[in-house]
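Computed from a predicted model, the values in this text were never measured in an experiment. Order of the sequence lines sets the chain letters (A, B, ...), proteins ahead of strands, with each chain counted from 1.
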Amino acid sequence: MTESDIIVTGIGGQGVLTLANVIAWSALREGLDVKTSELHGLAQRSGTIPCHVRFGEKIYSPLVLEGKANLIIGLEPLEALRACYYGSKKNKTVFLINSYEVIPLSIFVAKEKYPSLNYIINALKSFSANVITLDASEKVKNTTGGIISTNIYILGYASAKKLIPLKKQSILKGMKEVIPKRYLELNKKVFDLGFKAGQ
Amino acid sequence: MQFNRKTIDKGKGEVIIIDMSEKILLNENGMKIILLGNEAIVRGALESGVGFASTFPGTPTSEIGDTFAKVANKVGIYFEYSTNEKVALEGAAGAALSGVRSTVSFKQYGLNVSSESAFPLAYVGVRAGMVIVVADDPSCWSSAQSEQDSRYYARLGHIPMLEPANSQECKDFTKIAFDLSEKFNLPVFLRLTTRVSHTRGVVTLGRIVKGRTKGKFLKDSIKFRNFPPYIIETHKELHRKLEAIRRISEEIEINFFVNEDVKNDLGIIASGVSFNYVMDALDHLKMNLPVFKLGLTYPIPEEKIRNFIKNLKSILVVEEIEPILEKSINSLAKDVNPELRVFGRSGYLPTAGELTEEAILLTISKITGKKLDYDLIAHKEDYNKLKIARRFPLMCPGCPHRATFFATKSATGEDTTFIGDIGCYILGIFPPFETQDIIFSMGASEGLIHGIKKVSDQKVIAFIGDGTFFHAGIPALINTVFNKSNPLIIILDNRTTAMTGHQPNPTVGVTGMGDQTKAIAIEDIVKACGVENVKVVDSFNVKEMEKTVGEFLQNDKVSVIVAKRECQLLAVRRKRREGKAIPKFNIDKSRCNGCGICLYQLGCPAISVENGVFDINEDLCTGCAVCVRICPKRAIKVVR
Ligand code: SF4
Ligand code: SF4
């Protein structure tokens, strides 16, 4: 089978939905069938929002089967860990993780523990050996002054590394469909930055 | 307003709109675009010539209303956010009775609210097509409350129902629903579930049709007066209509077979989103089984089902939430195949929670003995061994509700009970506040607190939001006055319906179509209800809120505090638009003594502590200054 199964995860406000939507439009631009599944409402108030993206010749389910993901993009490490069961060694899942931590309030008010990056990476590796960590937010902040387009940096990186089986041109078209005009130039710049890092 | 728009009137009421600012308005027949299920419903309505749309926002349907709000002016139709679902349904019914095609949308609980009018509407009938869109929320991802299966309402109310499985079907089924509705003068249900509403998928566009927006109610028929003895006649008539639609259900192309010619002992019947899981499960198991996919699920095609199950040994019925189809199939099997084993949601598939491909896969695997190429259960067990800190949903940094909860908690003791309601403030359920000891339905807090106060002397406070107060809080408030109760009710007036995506409500002074309207002040209504103890307090003014809560708890008559402050998300957006600076705060480490009140008691997500040093994340701080006011050491300072 030739479908691509991608999970994009992170926390509210990190651009999870935008990233998923860009990938979806990029796939449509290559004439593929595509579905994404997202959650709104209660799930959006800084909770965790894993978003599923699936594309290929014909797509039925909007959800990735556990263990079947080809790529898991984690805009936040703890959230990547939370979604790791979508990956597996069998399917040679690639984990692409932004190292920027956002500490949940549960750590302070419910006395839970934020795992170290090492713990997270090792746990991910027990699901699939291909773990790539990026300090994407830091790179983006150094260039643009804010961390807001970290998602697009990672997209650029994934595109260069051919982790998303779509042409770069299609992805740029997808960005044009989804990202508001006034932010497009900035995002293209950030995409290139990520792309170079991945070359 | 200026729009990037070309309008060509093609006679016959068809209008071509090319509006590049809204993809959903592209009038390019045959073009493929990606739409959210909810958006595809709107597109289907536009292609059906809808003239009137109403809603009360409720996830998972909120984007239906929000999309109508964006496009209504541009296509020249009417849209409103109504004050509750019953009113929304009645408005749409009024339009349809006057010959204008209409649609109303709400979440499952909204159907409960509107059902008092939905049932008699089926008796009375409509003149133009009317589509009622209801979305259920299996697993309660978006709205809490309950895993209600709204398909029971179709049976209870004699109202036909269609269940789309993806965005394309959302659009197509809406059109079919309008036609069916008009043909039989019956309202028609479209039932969605979260994974249909909030899935994006490819949709092939048809033409947007400019429908009628003006009509006339003709008082020419006795049947519009739902009054005995005529009701018995209409009831009979309803059964005749349903039988006629059942015959359509036998032929309609949205009830179709996959792998019809495959001979196997096991067959599958599926509806809604779960059909997709079935198709993928078969693919992953490398199996071909005959599948009957139902799109028109009430009334069901009994003949076709009898034929389908006649020669099977077993059947798996895959449906979202309750075993409704399963029960019907069980009884059909009694006639044609009493030996048939029926598997479904009354045991083999999970009896609660949303369906997943995993669950279906495991069930097929169990029935047929065919295994997946890896062990799903062991895989999940490995995962469950991991320790992963929770990240519960939170009120935003600077949320006015947080300040109100903080003040209320500090003004009361451990012995206080808090009655919650539905809105962003439901998040007060989590630490550090835990100010929602009971939550159940829109507006219920006021009725509940009234009952508790009648039978106890407990300290109790109810919290209810502005939108919720308008929705169902007013009759309950009058009841407390009328029946001489003495609760303390805090109305959280944040000038919007925030949780579902910031729709305007009657406090705002703007309609869903963006027109100016009268802004209704909550305190005026409260006074008009006969409440004597009323005070409006700025939510950010923690000291005054503490004082007022303390005082009002002593009153022997019903008291209301209106905690007023614009939702911080809106405030920040507005300030950005106006070019105003958003102040940022930080902690002066030399003054901070580490008491931790700002973090452990206020719980602002912008504040954290590492190695005993408290800090504010400027990326997250929205400058509400509430932490500044509550810090006993005055250690928090504006930095810019
Ligand atoms: S959206 Fe507004 S009301 Fe809701 S949590 Fe955020 S600031 Fe508070
Ligand atoms: S850090 Fe203080 S000022 Fe900033 S959002 Fe939180 S409570 Fe408000």
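Remark: B/Lys409 fails to qualify as a cation-pi partner of B/Phe433 under the 6.0 Å distance and 45° angle criteria applied to the six-membered ring. In this structure, B/Lys23 is positioned above the aromatic face of A/Trp25, its NZ or CZ under 6.0 Å from the six-membered ring centre and within 45° of the axis.
Contact of B/Pro60 with chain A is not made at all, since no heavy-atom distance falls under 4.5 Å. Interface residue B/Asn617: only side-chain heavy atoms are found under 4.5 Å from chain A. If you measure heavy-atom distances from A/Lys89 to chain B, you find no contacts under 4.5 Å at all. Proximity to chain B is absent for every atom of A/Val53, based on heavy atoms less than 4.5 angstrom apart. Of the two parts of A/Leu81, the backbone and the side chain both hold a non-hydrogen atom closer than 4.5 Å to a non-hydrogen atom of chain B. Residue contact with chain B, scored on non-hydrogen atoms closer than 4.5 Å, involves the side chain of A/Leu28 exclusively.
When A/Pro115, A/Cys51, A/Ser106 are compared by the number of non-hydrogen pairs under 4.5 Å with chain B, A/Ser106 comes out ahead. Chosen from B/Ile34, B/Thr199, B/Ile388, B/Val202, the residue pairing most often with chain A at heavy-atom distances under 4.5 Å is B/Ile34. Between chain B and the residues A/Asn21, A/Ile147, A/Ile107, A/Ile103, the most heavy-atom pairs under 4.5 angstrom are made by A/Asn21. Counting heavy-atom pairs closer than 4.5 Å to chain A, the top-ranked of the candidates B/Glu358, B/Lys387, B/Gln601 is B/Glu358. Top candidate by heavy-atom pairs under 4.5 Å with chain A, chosen from B/Leu386, B/Asn384, B/Asp382, B/Thr194, is B/Leu386. For chain B, the option among A/Tyr114, A/Phe127, A/Tyr85 with the highest count of heavy-atom pairs below 4.5 Å is A/Tyr85. For chain A, the option among B/Thr356, B/Leu620, B/Asn166, B/Val609 with the highest count of heavy-atom pairs below 4.5 Å is B/Val609.
Open room surrounds NZ on A/Lys162; 12 or fewer heavy atoms of other groups in view lie less than 6.0 Å from it.
Using a 3.5 Å distance cut-off with no hydrogens or angles, the side chains of A/Thr150 and A/Asn98 do not pair a donor with an acceptor. A donor and an acceptor atom, one from each side chain of B/Ser274 and B/Glu320, are nowhere located under 3.5 Å apart.
Rounding to the nearest 0.5 Å places CG of A/Leu19 at 7.5 Å from CD1 of A/Ile154.
Judged as a ring-ring contact (aromatic ring centres under 6.0 Å, His included), the pairs with a partner in residues 53-83 of chain A (not counting sequence neighbours) are, in order, A/Tyr60-B/Phe275.
The aromatic rings of B/Phe430 and B/Phe392 lie parallel to each other, their planes meeting at an angle below 30°, with 60° marking the opposite boundary.
For the side-chain hydrogen bond (donor to acceptor under 3.5 Å, both in side chains) test, no residue two or more places apart in sequence or in another chain qualifies with A/Lys113.
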